[in-house]
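Only one structure is covered here, and it is reproduced in the block below.
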Number of protein chains: 2
Amino acid sequence: MKTIRETADLFDVSTRTIRYYEEIGLLSPARSEGNQRLYPASELVKLKLIVRGKKYGFSLEEIKEMVLLFDKDRTGRKQLERTIQYGRRRIEEVELKIQELEEMKREMEQLLVVFNSKLEKSKGDEGNE
Amino acid sequence: MKTIRETADLFDVSTRTIRYYEEIGLLSPARSEGNQRLYPASELVKLKLIVRGKKYGFSLEEIKEMVLLFDKDRTGRKQLERTIQYGRRRIEEVELKIQELEEMKREMEQLLVVFNSKLEKSKGDEGNE
DNA sequence: AGTAGCATTTACGTTAACGTAAAGGTCAAG
DNA sequence: CTTGACCTTTACGTTAACGTAAATGCTACT
């Protein structure tokens with residue numbers, strides 16, 4: 001059970017950020033005798049997912065959907081099946097993002113090729129700059 | 001030479017968005033006789049880069065750096081070399097993003113495996129729900 | 001039991017990336 | 001040459017995701 005400060009340092013975020021995530025229903029830490037927040041391992045796992053999700057273009061609202069899916073104890077079979085289905089869709093979205101980033105990378109590499117050939121050409125005429 | 005509306009429709013963004021990109025120095029369209037914006041192919045290419053960049057987690061400030069690199073006519077050799085170097089770094093960043101997204105995907109798949117096994121278990125005791 | 005360094009809630013402030021409205025100019029069709 | 005659909009600039013409004021400050025409570029150590 002880590003304090004809010006320890007948790008913040010662990011993920012390199014501010015305590016305000018952590019409290020904000022609680023405000024919008026993403027985290028629900030335990031409390032100490034004196035009402036101070038205490039983060040068990042399960043909350044740390046959630047925070048890790050949040051931080052990573054943020055880093056790669058998901059909004060907190062989107063992340064919320066994802067995290068809440070893997071959060072509640074899904075007892076009913078139907079619920080479980082739905083969760084799995086929804087999870088698969090999310091994974092497909094991530095795959096799409098990866099593919100488009102790869103296309104972006106290829107385009108940028110193409111541009112570099114163009115610039116490189118310009119550079120080669122300019123090797124003939126030394127003397128300017 | 002497309003008008004601002006045609007351009008907006010082409011990329012599915014608002015005209016305000018396009019004007020905003022001009023405000024912050026990302027686009028510089030031509031002008032008609034009567035002072036209306038006209039977008040040649042080169043500006044459309046830039047806008048495409050911007051839209052794609054946005055979609056995958058880059059801020060407009062970051063995109064600005066990238067776009068401006070491939071924008072001005074880089075005449076000097078030193079400038080050209082620097083541009084290429086900087087471009088390579090950007091590509092590495094994109095590669096990193098891809099890798100971390102792939103890790104994210106793997107983790108999500110792991111979670112699905114866990115849920116699937118839960119589902120299998122619950123297949124034994126039919127009768128609830 | 002005093003105090004330094006944490007924590008709490010409440011609430012206003014900030015920035016990026018636009019949205020939206022006002023007041024008016026431009027352009028193509030008829 | 002007059003509409004109607006587009007365009008212009010100016011400027012204030014909005015939302016997400018926190019930052020920051022104030023007033024106060026808790027905790028660990030000496």
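The chains referred to below are lettered A, B, ... by the order of the sequence lines, with proteins before strands, and numbering in each begins at 1. If you're wondering where the values come from, they're calculated on a predicted model, not measured in any experiment.
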B:K64 NZ/CZ over B:F58 ring centroid, <6.0 Å and within 45° of normal: no
Hydrophobic side-chain clustering at under 4.5 Å (ILVMFWY, transitive links): who's grouped with B:V113? Put none if nobody. none
State plainly whether the residues A:K46 and A:E43 are in salt-bridge range, i.e. N to O under 4.0 Å. yes
Figure out the CZ/P separation between B:R37 and C:dC27, and round it to whole Å. 14 Å
Regarding B:E65 and B:Y86, do their side chains bring together a donor and an acceptor under 3.5 Å, going by distance alone? yes
Nearest heavy atom decides the nucleotide; on that basis, is B:E61 or B:E33 closer to the 5' end of DNA chain C? B:E61
What residues in residues 2-20 of chain B put a non-hydrogen atom under 4.0 Å from any atom of DNA chain D? B:T3, B:I4, B:R5, B:R16, B:R19
So which pairs with a foot in residues 11-26 of chain A pass salt bridge (Lys or Arg N to Asp or Glu O under 4.0 Å), sequence neighbours left out? A:R16-A:E23, A:E22-A:R31, A:E22-A:R37
Partners of A:N116 by side-chain hydrogen bond (donor to acceptor under 3.5 Å, both in side chains), sequence neighbours excluded? none
Please list, in 5' to 3' order, the outermost nucleotides of DNA chain D lying under 4.0 Å from any heavy atom of chain A. D:dA17 to D:dT27
Run the numbers on A:L49 and A:I63 for side-chain contact (heavy atoms from CB on, under 4.5 Å), then give the verdict. CA-CA 8 Å; A:L49 281 176; A:I63 293 170; over 6 Å; no
side-chain hydrogen bond (donor to acceptor under 3.5 Å, both in side chains) partners of B:R88, counting only residues at least two apart: none
